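Read through the structure below, which is laid out as structure tokens, and then see the notes.
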Amino acid sequence: MSIITYLKDIPIMKRIFGIVIIIAGFYIFVTTNMVFGLLFTVIGINLILTEGSQINLEDKTYRTIKSIFGIHFGKWKSCPTFEYVSVFKTKESQRINVATATTAFTNEIILLNLFYNTNKYLTFYKTDNKEEAFKVAEHFRLALDVDILDATETETKWV
């Protein structure tokens, strides 16, 4: 596992809606109006486009990415000198709006942040599984020679 990828999740309804808009855009492009077809396709692509980051542990490079259908775009940069990796527990809220109905989901997640220059950080990994988070943190620890800060409980501690 030399490249670790972190992508923000897209709500399933937004993803389905985006794919439907893309298909409709192609259909309109081919059958009716090229401009409106292209416009619908671009709107659909924007709906399913997601952002995130990747780190290459072998080359010690990272990049912020935009991803669509598993294809990642972004420029690789040299990693700063990371000081430590923080395993951080927080809550994530997602709001979904469909026509006249709105609903919000809140769930606990665990983020892995790599800190540098005292208080700057890059979020590289997100999960809901604590054991998985610490396995990835251990991988970061070995590859980047940094310490692990456990911030999943009320009292933080170095691991």
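In this chain, numbering begins with 1 at the start of the sequence shown. Nothing here was measured: the structure is a model prediction, and the numbers come from that model.
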With sequence neighbours excluded, what pairs up with [X] under the side chain to side chain contact (heavy atoms under 4.5 Å, CB included) test?
| X | answer |
| --- | --- |
| K14 | I10, P11, L47 |
| E155 | none |
| D128 | none |
| L39 | F36, I43 |

Hey, are the side chains of L114 and F140 touching, using non-hydrogen atoms and a 4.5 Å cut-off?
yes
Other ILVMFWY residues reachable from I65 by side-chain steps of under 4.5 Å
L7
Share the residues that join L149 in a hydrophobic cluster, the rule being Ile, Leu, Val, Met, Phe, Trp or Tyr side chains under 4.5 Å apart at the heavy-atom level.
Y84, F115, Y121, W158
Is [X] linked to [Y] within one hydrophobic cluster, defined over Ile, Leu, Val, Met, Phe, Trp and Tyr using a side-chain heavy-atom separation of less than 4.5 Å?
| X | Y | answer |
| --- | --- | --- |
| I109 | Y6 | no |
| I16 | L49 | no |
| F29 | I21 | no |
| F73 | I48 | yes |
| F26 | I68 | yes |

Testing the basics here: between [X] and [Y], what is the closest heavy-atom pair and its distance to 0.1 Å?
| X | Y | value |
| --- | --- | --- |
| V85 | A137 | CG1-O, 4.1 Å |
| I110 | N129 | CD1-C, 4.2 Å |
| T127 | A133 | CG2-CB, 3.7 Å |

Qualifying residues under side chain to side chain donor-acceptor pair (under 3.5 Å), relative to E153, sequence neighbours excluded:
K130
If you look only at pairs with a residue in residues 26-48, which of them pass as a salt bridge (Lys or Arg N to Asp or Glu O under 4.0 Å), with sequence neighbours excluded?
none
Enumerate the side chain to side chain donor-acceptor pair (under 3.5 Å) contacts for [range], please, sequence neighbours excluded, ordered by first and then second residue.
| range | answer |
| --- | --- |
| residues 70-83 | S67-H72 |
| residues 42-52 | E51-K66 |
| residues 110-119 | N113-T123 |

Would you call E138 and K135 a salt bridge, taking side-chain N to carboxylate O under 4.0 Å as the test?
no
Is a side-chain donor or acceptor of D59 paired with a backbone partner of T61 at a separation under 3.5 angstrom?
no
R63 side, atom CZ; C79 side, atom SG - distance, nearest 0.5 Å:
12.5 Å
Suppose we screen for salt bridge (Lys or Arg N to Asp or Glu O under 4.0 Å). Which residues come up paired with R15, at least two apart in sequence or across chains?
none
With distance as the sole criterion, is a donor-acceptor pair present between the side chains of T152 and D150 under 3.5 Å?
yes
Over 12 foreign heavy atoms within 6.0 Å of CZ, F40
no
K60 atom NZ, over 12 foreign heavy atoms within 6.0 Å
yes
